[in-house]
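Working notes, structure below.
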Amino acid sequence: MSEGNVRVRFAPSPTGYPHVGNIRTALFNWLFARHSGGKFIVRIEDTDQSRKVEGALESILDSLRWLGLDWDEGPEVGGDFGPYFQSERLDLYHKYVLQLLDGGHAYKCYCSPARLAQARAQMAERKESMRSYDRHCRDLIPEEQARSEAQSITSVIRFKAPLDGQTTFHDLIRGDITFDNSELDDLVLLKSDGYPTYHLANIVDDHIMEISHVMRADEWVSSTPRHVLLYKALDWEPPLFAHLPMILGPDKSKLSKRHGATAVTEFRGQGYLPQAMLNFLALLGWSLDDKTEIFSREELVQYFAIERISKAAAVFSHDKLRWMNGVYIRDMSAEELTEQLLPFLEKDLPVEVKRPISREYVRQLVPLIQERLTTLGEAADLFGFFFVDKLFYNTELLLGKKLTRGTAVAGLEAALTRLEDQSFVAASLEEALRALASELGLKTGEFFGLLRVATTGRTATPPLFETMAVLGKDTCLKRIERALEKLRNNPKEPVPV
RNA sequence: GCCUCCAUCGUCUAGCGGCCUAGGACACCGCCCUUUCAAGGCGGAGACAGGGAUUCGAUUUCCCUUGGAGGCACCA
C-alpha cells in the first residue's frame, strides 16, 4: 500500500454528543491521513432509527471543526464515494445481502425477540459461552420456511458464520489476533426494518469507499473476525486494521457521561483551547519520544506514526489537560487572548456588569491575568473584581492574620489621603505605598494585604499596584472608603459595600 | 461465565538484551524568587504485578499465575 493511497475514515453514529474518546479516534485518523498525504473521510453511521439524537450530527461536525480536523469527503463537502450517510445507501446494502443469500453465506431468521431472549437465557444457564444466537433458523427446512413466509412473520437476515476453524487477522498495533470460529455467532446483517446493522454497512462501505486502513477503538476487536469473514464471503480484500487503545475514566472503566465532562463541546464551553485539546488528545495513546510534550498541529502531522501508538488503555487526566491548557494560554499574544476572553466574560460576568464588555479594558488587564489562567472560563470568577461595582467579602479578610481593627482603619485612612493626589501608575503607587507602610510602622506584606482586600475583595490577586492602576483612582478610593465603613460597622457580617 | 486484548511511578508515557543505581511530564512535597496568587528556577518522594524459562546478562524474549479492560443486541 503506497502511502499516497491512504484513505481513512471517521465513522460516528449520531446518537449523542461525541466524547473525547470518539474525537481521539477521529484525530488519529486525521493525523494519519494528513501525515501520509491520504484522504480523511467522515461517514455518518445512522442505521439505528431508534437511537438517533437531535443535534448530534451538528455536534460531531462542530467538534471536528473546532479542532481543525477537516475532512476531504463527507457531510457538507461531498465526494466521489457518496452519499456519506448510511441511511441513504440502503439499496447498496440490500444488493450485497442478496449476494450473500445467493451464495449461501446468509439466511433468513424468523425468530422473535422473545424467543431470542429465552434462548439466550437458556444458554447462560447452561453456562455455555454466551453466544447471542442459537442458530435456530440456520437450517430451516423449506416447509418451515414457507410456513413462516406465508404467515408473513418479519425476518432478519443473518450471516452464516463458519462453525469451525479459526479466523486470524493482523492488527497494525497488536499483531496477529486469532479467534476460534466456534466462538462466533450468526450475526444479524439486515434488521427487520430493512436497515443494515453496523457490521454489514461498515464493511460494505469500507470496501466501496476504498478505505485502506480501519483505525477504530479497541472495543471493536471482537467483531473484527466477523468482519473479516464477511469480506471473505463477499470475495473482497479486507482493509488494514489498527485498533486504538481505549480511553478510560479515573475509575479505569470505559469513559462515559458518568465520568463528568467528557463531551468535547463541554470542554470548549469551559474555556479549553482547541490547540491544547488537540495536543493533549494526541498524547493519549501516542508519543514521539521520552520528552516532547508540546506539539503544534503541524508537528503532530509531521511526526505521527501508527508504530508509536501504545497498546495499553489510557486514563483521561483532567489535571494534565488543565496544565496544558495553561501552557497554551500563556503562549498566546495579548491581543489573541483578549479576543478569546471576551465571549467568556460576556457570558460569565454578573448581569449587573454593563455590556458589551470593553475590549480595550480587557486588553489592559490581560497581562495581569494571563499567567494566572488555566481555562478561559475561570476568568469571570477569578477576576470579576475588575468589572463589578459591588464587592462582597468578609470583613475579617481585611485584617488578615495580624492586623487589629484599629491599625487597619488607620492604615486605610492614611492610604486614602496619600492616594488623593497620587498618579495611578504602578511604579509610583508602589513608591508611595511602600513609604507609607514604613511611616505607619507596618510590614509591607500586612499593609499591601490590607489594601489588596480593600481594593479587590480577595486575598489572591495579580500584583497589587498594577491591579490598582488598571482599576483606576476613582474605583480604588471608593473601595477603600467602603472597606472603612465595613470595619466601622459589624466586622463579622459580610455586608455588601 | 466464555472469548480477545493489555500490564513501567497515583496519572500520561520513554525504554524495542547490556547505555537503567529505569528518563520526561502532570499531580504531590520542600526550597528559592516574591506584597498575595500565579508563572519560573532548584530539589524530593514515587514504578518495571508475581513466578518460572531462555541468555554471560533481562524492564526489554517465551510460558504460567494474578490483575485490569473490552466484547458477548434486530446499538454502534
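In what follows, every chain begins at residue 1, and chains take the letters A, B, ... in the order their sequences are listed.
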Check: Got a sec, which residues hit side chain to side chain contact (heavy atoms under 4.5 Å, CB included) with A:P75, two or more places apart in sequence or on another chain?
Finding: A:V42, A:I44, A:L61, A:W71, A:Y84, A:F85

Note to self: Say we look at B:C5 and B:G46: how far apart would their C1' atoms be, to the nearest angstrom?
What the structure shows: 28 Å

Checklist line | Aromatic ring proximity, centroids under 6.0 angstrom, A:Y195 and A:Y93 | finding: no

Check: In residues 156-167 of chain A, what residues come within less than 4.0 Å of RNA chain B, judged by heavy atoms?
Finding: A:V156, A:R158

Check: Rounded to whole angstrom units, what separation is found between the CD atom of A:E466 and the P atom of B:A39?
Finding: 17 Å

Note to self: Please confirm whether the shortest side-chain N or O distance from A:T292 to OP1 or OP2 of B:G24 is below 4.0 Å.
What the structure shows: no

Margin query: For A:D218, run the salt bridge (charged side-chain N to carboxylate O under 4.0 Å, His left out) check against A:R24, A:K311, A:R174 and tell me which one passes.
Written below: A:R174

Next item on the list: Kindly compute the distance separating CZ (A:F280) from CG (A:L27), expressed to the nearest 0.5 Å.
Entry: 12.0 Å

Checklist line | B:A7 pairs with, by Watson-Crick or G-U criteria that keep both distances under 3.5 Å | finding: B:U66

Checklist line | A:V327 or A:S13, whichever maps to the more 5' nucleotide of RNA chain B | finding: A:V327

Margin query: Is there a ring-ring contact (aromatic ring centres under 6.0 Å, His included) between A:Y272 and A:Y328? Walk through the geometry before answering.
Written below: CA-CA 9 Å; A:Y272 285 89; A:Y328 277 90; over 10 Å; no

Notebook entry, point to check: Between B:G44 and B:C26, how far is it from one P atom to the other, in whole Å?
Noted result: 16 Å

Note to self: What's the gap between B:A14 and B:A22 when it is taken at their C1' atoms, as a whole Å value?
What the structure shows: 10 Å

Margin query: Taking only the P atom of each, what is the distance from B:C20 to B:U35 in whole angstrom?
Written below: 43 Å

Check: Has A:K486 got its NZ or CZ under 6.0 Å from the middle of the six-membered ring of A:Y393, at an angle within 45 degrees of the ring axis?
Finding: yes

Next item on the list: Sticking with atom C1', work out how far B:G23 lies from B:U60, rounded to a whole angstrom.
Entry: 15 Å

Report each atom pair, protein N/O against N/O of nucleotides 5-14 of chain B, whose distance is under 3.5 angstrom.
| unit_1 | atom_1 | unit_2 | atom_2 | d |
| --- | --- | --- | --- | --- |
| B:C5 | O2' | A:R174 | NH1 | 2.8 |
| B:U11 | OP1 | A:K252 | NZ | 2.8 |
| B:C12 | OP1 | A:V315 | N | 2.8 |
| B:C12 | O2' | A:L283 | O | 3.1 |
| B:C12 | O2 | A:K320 | NZ | 3.3 |
| B:U13 | OP1 | A:G285 | N | 2.7 |
| B:U13 | O3' | A:S287 | OG | 3.3 |
| B:A14 | OP1 | A:S287 | OG | 3.1 |
| B:A14 | O3' | A:R308 | NH2 | 3.4 |

Checklist line | B:C31 - base-pair partner by Watson-Crick or wobble geometry, distances under 3.5 Å | finding: B:G41

Note to self: Less than 6.0 angstrom from the centroid, inside 45 degrees of the normal: does A:R226 satisfy that with respect to the ring of A:F159?
What the structure shows: no

Checklist line | Base-pairing mate for B:A22 - Watson-Crick or G-U, with both contacts under 3.5 Å | finding: none

Notebook entry, point to check: B:U59 and B:U21: how far apart are their P atoms, nearest whole angstrom?
Noted result: 10 Å

Next item on the list: Could you check A:W286, A:F304, A:F10 and say which one makes a ring-ring contact (aromatic ring centres under 6.0 Å, His included) with A:F28?
Entry: A:F304

Next item on the list: Rounded to the nearest angstrom, tell me the gap between atom CG in A:L244 and atom C1' in B:G70.
Entry: 14 Å

